[in-house]
Amino acid sequence: MSGHRRKSPYLAQGAEDEPLFGFRPRKVTGRQVRKALEHNINPFTKVPHTPRYHEMLEARRKLPVYDQMDEFYKIFNKNQIIIIAGETGAGKTTQIPQLVAYADLPHVNGKLVACTQPRRVAAMSLAKRVADEMDVQLGRHVGYSIRFEDMTEPGTTFLKYMTDGILLREATSDPTLDRYSTIILDEAHERTLATDILMGLLKLLAKKRSDLKIIIMSATLDARKFRNYFGIKKGSSVPLFKVSGRAHPVEVFYTQEPEPDYVEAAIRTVLMVHRAEDPGDVLLFLTGEEEIEEVCKKIKLEVDDLVNQDPDSVGPIVCVPLYASLGPQQQQRIFDPPPKPQRPNGPPGRKVVVSTNIAETSLTIDGIVYVIDPGFWRVSVYNPRLRIESLLVCPISKASAQQRAGRAGRTRPGKCFRLYTEKDFMSELEEQTHPEILRSNLATTVLGMVKAGVRDLVKFDYVDSPAPETLMRALELLNNLAALDDDGNLTPLGSVMAEFPLDPQLSKMLIASPEFRCSNEILTITAMLSVSNVWLLPSNQRREADAAKALVTVPDGDHLTLLNVYNSYIRNKHDEKWARNNFLSARALAEAENVREQLQRIMERYELELTSIADEKMMYNAIRKALCCGFFMQVAHRVGDQGNYLTVKDNQVVSLHPSCGLHPQPEWVIFNEFVLTTRPFIRTVTGVQPKWLLELAHVYFDLATFGDGETKTALKRVLNEKVGTSGRVKRLNKGMKKQC
DNA sequence: GAGCACTGC
């Protein structure tokens with residue numbers, strides 16, 4: 001605590017009219033802070049407060065947290081780690097960080113108070129809101145930090161909202177997180193991968209840094225779990241501070257019998273609500289784009305029918321689809337008012353938002369009075385045995401059902417119709433959603449943890465431990481890529497790889513690319529592979545979309561096609577219209593450009609040379625060699641003449657995904673993804689020469705590790721030809737830092 | 001001849 005013993009300069013000056021007169025770091029009381037809040041002078045800018053400040057303060061006084069200020073400071077001053085529980089609407093996310101700032105006085109001691117959020121928009125809008133409340137300019141005393149945008153001013157910013165991913169990234173390169181006096185992890189109940197790892201790292205760090213305070217904020221249901229997790233400490237327990245919420249009551253209804261078809265039941269329930277319930281908008285949760293568009297059409301048809309039959313009792317309806325890939329602009333439609341009655345004094349119109357899980361956490365829609373919850377979501381699940389991630393439709397958890405129901409009570413008392421029985425709710429649904437760490441491929445996470453100094457990944461104190469098999473898969477991949485040596489230690493190569501916000505295969509390929517003189521091209525391909533799908537395939541224009549795609553396809557490989565698409569986008573001056581005409585997503589391409597710039601900066605920092613090859617044929621070969629350096633574990637060998645492939649080592653029979661543009665089909669291919677949908681497919685595929693694999697990944701392609709079969713025979717044939725490896729590639733494969 | 005829930009660096 002020695003760093004905080006310093007007296008406040010206001011105290012030193014003895015100026016009793018200073019707003020922070022008498023404040024001592026972490027010894028402040030609610031009474032002192034309330035007085036400072038009422039003061040005419042802004043303590044942080046020393047400028048008189050604007051009238052707007054006082055207006056906002058008036059509203060803040062009505063928040064439940066405001067009344068609990070004394071209690072908060074009593075707990076905060078005494079404890080290093082605190083759990084804060086409270087439902088939405090209590091004001092904890094906006095107020096607690098400010099209260100902490102008054103206690104820590106980070107503007108005096110040169111430190112920062114950080115508050116993490118799982119989503120960028122939340123970090124941005126909260127920072128804006130809090131800057132307004134504190135009467136300071138956004139980006140100066142109060143700022144935010146998200147990917148691609150750092151709205152902070154070093155030396156001035158003392159309260160920073162940020163995404164959990166950014167803080168995790170900072171923690172991997174500076175494990176002491178010395179810049180921060182207090183770290184607040186908000187929305188911890190969402191159990192994002194980044195927040196989970198941060199909880200583990202902060203629990204360790206708390207022992208080393210007694211001056212660091214940690215606050216975990218979560219929904220009430222999960223608070224006990226965190227308290228147990230952080231509370232296992234001799235003779236002390238971590239205190240729980242409860243903030244009361246202010247939501248309206250929501251009446252919950254269940255079906256009498258299980259519904260065999262939730263889509264049909266959902267449509268029926270929407271019509272029932274529309275005919276029988278008072279005015280008020282409806283929110284229906286479904287699982288995906290296709291389902292949502294189809295249901296919107298059906299509801300519209302049915303209601304139009306009803307209106308025609310009985311225009312005196314049924315009002316018009318508007319169905320608004322909502323899912324992430326719609327993009328922010330089209331998503332705005334959810335805020336449109338409901339339709340007007342068809343004639344004066346006719347029955348009122350109603351808005352029905354049909355949404356994926358995005359409306360459960362990421363977007364809130366005011367005015368929703370009725371929620372229809374079929375009880376499912378689509379979730380990605382990682383299977384470490386097969387090394388694939390697949391999307392499955394799964395039942396939601398009780399916590400999730402409660403969150404969905406709560407969406408009906410934001411503006412006034414509401415109703416929630418659950419399309420399952422109460423018995424199923426009680427006995428079939430899990431209490432909590434499985435945290436992300438139990439469902440994800442952990443390769444990048446593990447690399448970051450090792451870089452952060454975690455010695456034993458298996459014994460690490462996780463809130464929930466991932467499957468040992470998942471950790472083994474991650475360690476195996478990182479070892480094969482030479483990011484970790486055989487003892488699990490970080491190699492110099494792994495250390496540089498960890499600096500890139502990428503899958504390890506991609507960072508390895510990128511770092512290897514200057515060796516093949518095509519790092520500019522690999523940079524582009526890497527960026528394209530790390531953004532969402534750039535191809536638009538509207539179902540009513542499939543032929544046109546396919547034709548447009550054929551024009552940019554490079555028959556040697558989908559990776560080369562991606563490069564071609566990106567370069568065309570740049571040549572066409574980032575034109576959105578051009579993108580749309582060519583059935584490409586301008587949003588995804590713009591994102592790729594952003595990612596590319598970020599990756600380029602990291603390459604420059606590590607003096608990784610940026611080079612290109614002019615001759616197209618030579619360039620394509622160089623790119624395919626660089627691909628081999630990162631993706632040699634994702635190789636397949638053609639079997640038979642039906643277009644089937646066998647994955648190397650795992651021996652899975654796979655087909656080329658129909659989106660694949662390879663022609664003709666090469667004997668050996670490298671693939672970016674293995675997806676299991678109607679059948680096992682490999683997606684984004686490029687042909688390679690087997691001798692490259694033997695040259696560039698000779699350890700992995702040691703024939704002694706192969707079972708007998710067609711693949712081995714084919715590789716043996718290649719081995720008889722002369723194969724050599726350059727010294728630099730050898731060093732890279734041993735995890736040596738590349739000399740540039 | 002298929003389909004991408006949702007975040008994040």
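Quick note on labels: first sequence line is chain A, next is B, and so on, each numbered from 1.
Straight-line distance from the CD atom of A:E170 to the C1' atom of B:dC9: 11 Å, rounded to whole Å. Put simply, CG on A:N594 is 14 Å from P on B:dG8, counting in whole angstrom units. Rounded to whole Å, atom C1' of B:dA5 lies 13 Å from atom CD1 of A:I396. When the P atom of B:dT7 is taken as reference, atom CD1 of A:I358 falls 4 Å away, rounded to whole Å. With rounding to whole Å, A:L286 atom CG is found 16 Å from B:dC4 atom C1'. Going from atom CG of A:N533 over to atom P of B:dC6 covers 13 Å, rounded to whole Å. The NZ-P distance, from A:K549 to B:dG1, rounds to 15 Å in whole Å. What separates CE of A:M449 from C1' of B:dC9 is a distance of 16 Å, to the nearest Å.
Contact check, A:R542 against B:dA2: no side-chain N or O comes under 4.0 Å of OP1 or OP2. Between A:R378 and B:dA5 there is a side-chain N or O to OP1 or OP2 distance below 4.0 Å. Taking only side-chain nitrogens and oxygens, A:T163 comes nearer than 4.0 Å to OP1 or OP2 of B:dC9. Remark: A:T356 is in phosphate contact with B:dC6, judged by side-chain N or O atoms under 4.0 Å from OP1 or OP2.
Heavy-atom nearest nucleotides on DNA chain B were determined for A:R119 and for A:S659, and the one closer to the 5' end corresponds to A:S659. Positionally, the nearest nucleotide of DNA chain B for A:S325 lies more toward the 5' end than for the other of A:F148 and A:S325.
Counting any heavy atom pair closer than 4.0 Å across all strands shown, A:I166 reaches sugar-phosphate atoms only and no base atom. Backbone-only contact: A:A324 has heavy atoms under 4.0 Å from sugar-phosphate atoms and none from a base. Note on A:T361: nothing from the nucleic acid sits closer than 4.0 angstrom, heavy atoms only. Using a 4.0 Å heavy-atom distance criterion, A:D546 is classed as a base contact. Contacts of A:R120 with the nucleic acid, taken as non-hydrogen atoms under 4.0 Å apart, involve only primed sugar atoms and P, OP1 or OP2. At the heavy-atom level, A:E289 lies under 4.0 Å from the strands shown only through sugar-phosphate atoms.
Across A:T195 and A:A188, no two heavy atoms sit closer than the pair CG2-CA, 4.1 Å.
Of the candidate nucleotides B:dA2, B:dC6, B:dC9, B:dA2 has the atom nearest to the side chain of A:P658. Between B:dT7, B:dA5, B:dC9, one nucleotide has an atom nearer to the side chain of A:R169 than all others, and that is B:dC9. Nearest to the side-chain atoms of A:Y323 among the listed nucleotides B:dC9, B:dA2, B:dC6 stands B:dC6. When distances run from any side-chain atom of A:L537 to the nucleotides B:dA5, B:dC9, B:dA2, the shortest one goes to B:dA2.
Counting heavy-atom neighbours within 6.0 Å of A:E576 CD, excluding the residue itself, gives a total of 12 or less. The neighbour count for A:R605 CZ, taken as heavy atoms of other residues, nucleotides or ligands under 6.0 Å away, is above 12. The environment of A:E597 atom CD is dense: over 12 non-hydrogen atoms of other residues, nucleotides or ligands sit within 6.0 angstrom.
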Under 3.5 Å, which donor-acceptor pairs do the side chains of residues 387-395 of chain A form with other protein atoms, sequence neighbours left out?
from: A:R387; atom 1: NH1; to: A:D650; atom 2: OD1; distance (Å): 3.1
from: A:R387; atom 1: NH1; to: A:D650; atom 2: OD2; distance (Å): 2.5
from: A:R387; atom 1: NH2; to: A:E476; atom 2: OE1; distance (Å): 3.2

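Atoms CD and CZ, on A:Q665 and A:R638 in that order, are 7.0 Å from each other to the nearest 0.5 Å.
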